[in-house]
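So the structure is just underneath, and the comments pick up after that.
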2 protein chains.
Amino acid sequence: MSATYSLDDLRQKLQNSPYKCTHQRRVVLEVFVNNPGVHLSAEEVHDILKQKSADIGLATVYRALELLCSKEIGILQKIDFGDGCSRYELNLTEPNSHQHHHMICTNCKKVIEFSEDMLDDLEADIMKKCGFKVTDHQVKFFGLCEECRNEIAN
Amino acid sequence: MSATYSLDDLRQKLQNSPYKCTHQRRVVLEVFVNNPGVHLSAEEVHDILKQKSADIGLATVYRALELLCSKEIGILQKIDFGDGCSRYELNLTEPNSHQHHHMICTNCKKVIEFSEDMLDDLEADIMKKCGFKVTDHQVKFFGLCEECRNEIAN
DNA sequence: GTTGCTGCAAAGCTTTTGCATTAGG
DNA sequence: CCTAATGCAAAAGCTTTGCAGCAAC
């Protein structure tokens with residue numbers, strides 16, 4: 001159910017593919033496993049690895065992220081928060097589900113996860129009215145988180 | 001109600017501001033008025049104007065788009081479809097409302113507007129459960145439009 | 001030994017910025 | 001006239017790519 005991926009999953013998924021389980025791909029994945037719930041950019045992943053003196057090129061980080069996000073692997077998920085760069089996170093959803101929402105505080109820029117899937121009714125409605133078959137959605141809520149609301153109230 | 005903006009609106013909105021109603025700003029807006037429902041990138045706006053032999057720099061297009069999207073003016077709306085560039089469209093919503101959804105066909109890349117606001121209940125729920133005050137949202141549905149579904153079925 | 005991967009640097013994109021010149025009000 | 005806007009070119013992000021050397025299997 002709660003599919004928290006590990007390094008073994010990577011090894012397994014690469015087993016039956018032409019792709020190789022390289023040291024670089026493993027340390028990139030490790031960063032996400034060690035930082036659950038965080039939305040990292042390629043540069044941030046690169047910085048974290050540099051601090052650990054894991055010498056890896058930024059281009060390789062990009063290539064590893066691309067592979068880990070691919071349909072074949074699907075261990076990571078690419079998200080766009082509109083802050084000028086792509087961000088990545090562990091893909092915690094089931095292979096064929098798509099429930100994943102984010103709330104972004106416009107004050108402190110914090111990103112809060114929101115996992116309920118209440119859009120099913122809406123999607124059914126769209127199919128009926130527009131003939132559009134929704135296969136995935138991206139929902140972002142912007143607003144003020146609890147802390148910022150309290151701060152501003154004071 | 002259906003606030004379709006025109007050049008007069010721009011003039012009016014600029015009247016009481018330090019900003020000037022320049023030729024360049026007017027022709028940029030004109031492109032959108034003449035192409036309703038289309039989602040143009042800065043480069044596309046620039047190309048359209050070049051074809052009309054309206055000589056305007058790309059940087060100026062960007063600056064005009066920024067102004068037209070600003071809270072003060074609000075005639076345009078910036079959207080991100082994840083295709084590598086920002087796109088813009090006439091802002092057809094009321095000043096303080098935020099209902100605007102897009103359906104993006106993953107096959108033909110067509111963008112369909114979807115204007116109902118059925119997320120209000122969900123947002124009320126979020127406020128209650130998470131203390132997060134939603135002030136705006138961005139909803140994108142990905143899937144297959146009617147034509148592409150028929151095409152694929154055949 | 002193949003085949004694919006890495007690192008580096010260079011290039012590709014979109015978007016922004018600095019600055020001298022021009023044009024609104 | 002004064003202030004803001006423009007045009008151009010240069011620079012600034014993020015991301016991709018080409019290629020010689022290297023590592024996985």
Side-chain angles (χ1 to χ4, degrees), chain A residues 7-8 10-31 39-50 52-70 72-73 76 78-88, chain B residues 7-8 10-31 39-50 52-70 72-73 75-88:
Chain A
L7 292 179
D8 286 335
L10 178 62
R11 223 178 293 264
Q12 224 174 75
K13 295 203 176 211
L14 292 175
Q15 207 96 89
N16 301 317
S17 83
Y19 307 120
K20 293 171 179 172
C21 186
T22 65
H23 176 247
Q24 286 87 340
R25 287 171 180 174
R26 273 183 273 120
V27 294
V28 166
L29 176 53
E30 226 170 334
V31 169
H39 306 90
L40 299 167
S41 67
E43 194 109 33
E44 285 168 356
V45 171
H46 188 228
D47 286 348
I48 289 172
L49 290 174
K50 238 192 319 205
K52 292 184 179 177
S53 57
D55 223 343
I56 172 174
L58 180 55
T60 303
V61 173
Y62 274 104
R63 286 185 280 226
L65 291 172
E66 191 187 11
L67 180 72
L68 293 169
C69 286
S70 68
E72 293 94 327
I73 309 299
L76 294 185
K78 190 178 188 172
I79 345 160
D80 175 29
F81 291 132
D83 64 341
C85 63
S86 294
R87 297 190 164 274
Y88 302 83
Chain B
L7 292 178
D8 286 335
L10 177 62
R11 224 179 292 266
Q12 222 175 75
K13 295 203 178 212
L14 291 174
Q15 206 98 88
N16 301 315
S17 82
Y19 307 119
K20 292 171 182 173
C21 186
T22 65
H23 176 247
Q24 287 87 339
R25 287 171 181 173
R26 274 184 272 120
V27 295
V28 166
L29 176 53
E30 226 169 334
V31 169
H39 306 89
L40 300 167
S41 67
E43 195 109 32
E44 286 168 356
V45 171
H46 187 228
D47 286 349
I48 289 171
L49 290 174
K50 239 192 317 206
K52 292 187 181 177
S53 58
D55 223 343
I56 172 173
L58 181 56
T60 303
V61 173
Y62 273 104
R63 285 184 279 225
L65 290 172
E66 192 187 11
L67 180 72
L68 292 169
C69 287
S70 68
E72 293 93 328
I73 310 298
I75 290 185
L76 293 186
Q77 195 177 11
K78 190 179 190 172
I79 345 161
D80 175 30
F81 291 131
D83 64 343
C85 62
S86 294
R87 299 189 164 274
Y88 303 82

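Order of the sequence lines fixes the chain letters, A, B, ..., with proteins taken first and strands second; residue numbering starts at 1 for each chain.
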Let me know the distance between [atom1] of [X] and [atom2] of [N], rounded to the nearest Å.
X: Q15(A); N: dA24(D); atom1: CD; atom2: C1'; answer: 12 Å
X: E66(A); N: dT6(C); atom1: CD; atom2: C1'; answer: 15 Å
X: H46(A); N: dT15(D); atom1: NE2; atom2: P; answer: 14 Å
X: L58(B); N: dT17(C); atom1: CG; atom2: C1'; answer: 13 Å
X: D80(A); N: dT14(C); atom1: CG; atom2: C1'; answer: 14 Å
X: N16(A); N: dG4(C); atom1: CG; atom2: C1'; answer: 17 Å
X: L65(B); N: dT14(C); atom1: CG; atom2: P; answer: 14 Å
X: L40(B); N: dT14(C); atom1: CG; atom2: P; answer: 15 Å

Sort me out a list of protein N/O and nucleotides 9-14 of chain D N/O pairs below 3.5 Å, or just none if empty.
none

[Y] side chain reached by [X] side chain, heavy atoms, under 4.5 Å:
X: V45(A); Y: Y88(A); value: no
X: L68(A); Y: R25(A); value: no
X: L29(B); Y: R26(B); value: no
X: V28(B); Y: T60(B); value: no
X: V27(A); Y: H23(A); value: yes

Nearest-nucleotide comparison on DNA chain C, the residue closer to the 5′ end among V61(A) and K78(B): V61(A)

Check nucleotides 4-6 of chain D for protein N or O atoms closer than 3.5 Å to its own N or O atoms and list the pairs.
{"unit_1": "dA4(D)", "atom_1": "O4'", "unit_2": "K20(B)", "atom_2": "NZ", "d": "3.4"}
{"unit_1": "dA5(D)", "atom_1": "OP1", "unit_2": "R25(B)", "atom_2": "NH1", "d": "3.0"}
{"unit_1": "dA5(D)", "atom_1": "OP1", "unit_2": "R25(B)", "atom_2": "NH2", "d": "2.9"}
{"unit_1": "dT6(D)", "atom_1": "OP1", "unit_2": "T22(B)", "atom_2": "OG1", "d": "2.8"}
{"unit_1": "dT6(D)", "atom_1": "O3'", "unit_2": "Q24(B)", "atom_2": "NE2", "d": "2.9"}

Donor-acceptor under 3.5 Å (H46(A) side chain, I56(A) main chain): yes

Partner residues of R87(A) under the salt bridge (charged side-chain N to carboxylate O under 4.0 Å, His left out) criterion, sequence neighbours left out: E44(A), D83(A)

